[in-house]
Amino acid sequence: MMIRLSGITPSGEAHLGNYLGAVRRWAREPGPDDLYFVSNLHAMTTPHEPERLRSLTQHQLAFLVASGVPWESMFVQSDLVREHMALSWLLECTCTFGEARRMVQFKEKSEGNSSVRLGLLTYPVLMAADILLHGTATVPVGNDQKQHVELARTLARRFNTTYGEVFVMPEAVVPTAGARVRDLANPAKKMSKSSSDQDGIVYVLDDPAVVRRKFQRAVTDGLNSVRYVPQEQPGVANLLEILASCTDTTPEAAAEGITGYRDLKEAVAEAVAAEAAPVRERMLDLLEGGAELQKIRAAGAERARERSAARLNRALELAGVG
Ligand code: TRP
């Protein structure tokens, strides 16, 4: 088995960047041993509201199911909270303070912040536990997470040589490129769940009228020329990339026949609304119904527990506590 593991952190609602950039691809090209999980324990490293986290966890799980990701391959991290935390502790006791402190993401996010949570420092170790618990061989991640997968490798190697062979050595892989969707109000930035400005983010659950309004207000430029030149016209290029991604073509081809920004914005809004409609409807059904989603969630937890139990027990035993 070549397990490939991907996580989605419920730090906000699902948006177009999540869908076109990653989740649609997960649904289109599922591998036989893929695992997808909602990493809700990772959404607690900064102040959070418990009820919002609970509902965002359901929201992201429903998003995965509604997008067509095979439901047999998914689970929610906190449904295996004991397993993940037990392994995380073994790995915290394998990791040095220096290694944790050197993580670039920690350095960036903690700089100048005196009330930074300890969880922000140890979060890459929890991520290593996610990866190693499930016997992961490959982890598709962006550049910002590569160092964390490297840490998981270091900890796996150290544990295996110190106590005995138990963990599969994971490897970071570059995900096949999906669309890089940018913020409509600020095309210099990626569309992001944790952005404070909502105007430039198109959510999967936005109704078509809201989608249209957000695209009408999208930032463009004064050149009034519909061409794909990202360096000179980042706003227009972003709209063309979104249009191309929704219609399965290239940004250059998507630009053909469109003369003005108004037409472009209308075309993108329409394509996005059409692409998102089935996902949105299925998601609303799942969230309203509740029972089906609960069943998927419970079955996923059961499978994940069965898959990981022997490895966790062996690791506890090797470390002298099992
Ligand atoms: N840290 C990842 C992110 O912010 C999410 C994540 C948590 C993850 N645990 C993981 C991804 C394990 C892959 C494997 O995007």
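All heavy atoms count here, side chains included; hydrogens, waters and symmetry mates do not. The structure presented is a predicted model; accordingly, all values stated were derived computationally and were not measured. When a ligand or atom number is given, it counts from 1 through the structure's own listing order.
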Response to the item:
Residues Asn224 and Asp221: closest non-hydrogen pair is N-OD1, 3.8 Å
Worksheet entry | Minimum-distance protein heavy atom relative to atom 9 (N) of ligand 1 | Asp130 OD2, 2.7 Å
Discussion item. If you measure every N or O of Ser6 against every N or O of ligand 1, does any of those distances drop under 3.5 Å?
Written reply: no
Fill in: Validation row: Leu126, Gln77 side chains within 4.5 angstrom (heavy atoms)
yes
Fill in: Any donor-acceptor N or O pair under 3.5 Å, side chains Gln58, Arg297
yes
Worksheet item: What part of His148 sits under 4.0 Å from ligand 1 if we count only heavy atoms: the side chain, the backbone, both or neither?
Response: neither
Worksheet item: Is the Phe37 ring parallel, tilted or perpendicular to the His84 ring (thresholds 30°, 60°)?
Response: parallel
Discussion item. Need the ligand 1 atom indices (1-based, order shown) with element for anything under 4.0 Å from a heavy-atom of Phe37.
Written reply: 9 (N), 10 (C), 12 (C)
Fill in: Atoms in ligand 1 with a heavy atom of Val139 nearer than 4.0 Å
13 (C), 14 (C)
Worksheet item: Numbering the atoms of ligand 1 from 1, which are under 4.0 Å from a heavy atom of Met127?
Response: 1 (N), 9 (N), 10 (C), 12 (C)
Fill in: Among Ser39, Pro140, Ala172, Ala129, closest by any non-hydrogen atom to atom 6 (C) of ligand 1
Ser39
Worksheet entry | Distance from atom 11 (C) of ligand 1 to nearest protein heavy atom, with residue and atom | Gly7 N, 3.6 Å
Response to the item:
Ranked by distance from atom 1 (N) of ligand 1, the top protein heavy atom is Tyr123 OH, 2.7 Å
Worksheet item: Which residue supplies the protein heavy atom nearest to atom 5 (C) of ligand 1, what is that atom called, and how far is it?
Response: Thr9 OG1, 3.6 Å
Practice prompt. Inspect the contact between Arg305 and Glu83 and indicate whether a charged nitrogen and a carboxylate oxygen are less than 4.0 angstrom apart.
Written response: yes
Item to complete: Give a yes or no on whether the backbone of Leu205 and the side-chain of Arg280 come within a donor-acceptor separation of less than 3.5 Å.
Response: yes
Worksheet item: Looking at His59 versus Tyr203, is the centre-to-centre ring distance below 6.0 Å?
Response: no
